[in-house]
Number of protein chains: 2
Amino acid sequence: QDMATTAGKNVKVLLDNEKVRVLELNMPPGASTGLHSHGDNVVYFVTGGTATQVTNGESKTMTRKPGEAIWSGPVTHDTTNSGKTAVKTVVIELK
Amino acid sequence: QDMATTAGKNVKVLLDNEKVRVLELNMPPGASTGLHSHGDNVVYFVTGGTATQVTNGESKTMTRKPGEAIWSGPVTHDTTNSGKTAVKTVVIELK
C-alpha cells in the first residue's frame, strides 16, 4: 500500500522523480497513516511528537524532538499520532 | 569542498550512513555556506526565505516558501541568505 494514498488528506507529495519521492505528513492527534510500505527512507521531524508504529503486529511508541532525522530500511507499518499535538514530518523515499 | 566543513557553526549533520547524509542548515541573514559541492540532493525548506546562489560565477536569487522541497543534481555553489530572516533548511544528499 502507498502512504500517499492510505494517509489521505494528511499527506502531500512535495517532489517525485526517478531517484526520490518526498512526502509531507501533517498528522493531527489520533490520526493514523493506514498500513503502508516504504523502501529505504529518511523521516525528518519538523515538529516533535509521539508516534505509535505497528510493524508485523508489534507495537512500538516513540517520542521524537523537532529536527530529528531517522533512517529506515524497507518496512511495512501503520503509524498513529498517539500524542496530544499535531505532528509534521517529511518522508524522503529513495527509489 | 564539503558543506559540513565550509558552513561551520551554521550546519549540523543529522544522519550519515552508506546511502544518505542529512544536514540541517540554520543561516542567519547575510550568512554564506562557502563554496561547496553536492552530489544528487533534496533541499527541504523548514522556513521560507531568500537565498542567492553563485554557480560557476553566475548569481541567482530565489525566494522559497516553508515546506518547499527542491531537487538538485551534482552542483558546486556558494549559498548566501540574502533575506532579512533566518533560514532553516534540511539537505538530504544521496550517496
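Chain letters run A, B, ... following the sequence lines, proteins first, then strands; residues in each count from 1.
- With sequence neighbours excluded, no residue satisfies salt bridge (charged side-chain N to carboxylate O under 4.0 Å, His left out) with B:K12.
- The minimum heavy-atom distance linking B:W71 with A:L15 is given by the pair N-CD1, 3.4 Å.
- Remark: B:R21 pairs with B:D2, B:E93 by the salt bridge (charged side-chain N to carboxylate O under 4.0 Å, His left out) rule, at least two apart or across chains.
- Annotation for B:V22 and A:A69: closest pair CG1-CB, 4.1 Å, computed over non-hydrogen atoms.
- Within the model, atoms CG of A:N41 and CD1 of B:I92 stand 11.5 Å from one another, a figure rounded to the nearest 0.5 Å.
- Residue B:K19 qualifies as open at atom NZ: its count of foreign heavy atoms under 6.0 Å is 12 or below.
- No chain of hydrophobic side-chain contacts below 4.5 Å, direct or via other Ile, Leu, Val, Met, Phe, Trp or Tyr residues, connects A:V11 to A:V20.
- Linking ILVMFWY side-chain heavy atoms closer than 4.5 Å, directly or via other members, places B:L14 and B:L25 in two distinct hydrophobic clusters.
- Contact of B:I70 with chain A is made through the backbone alone, with heavy-atom distances under 4.5 Å.
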Side chain to side chain contact (heavy atoms under 4.5 Å, CB included) evaluation trace for B:L94 with A:L94: CA-CA 9 Å; B:L94 306 187; A:L94 307 188; 3.6 Å; yes
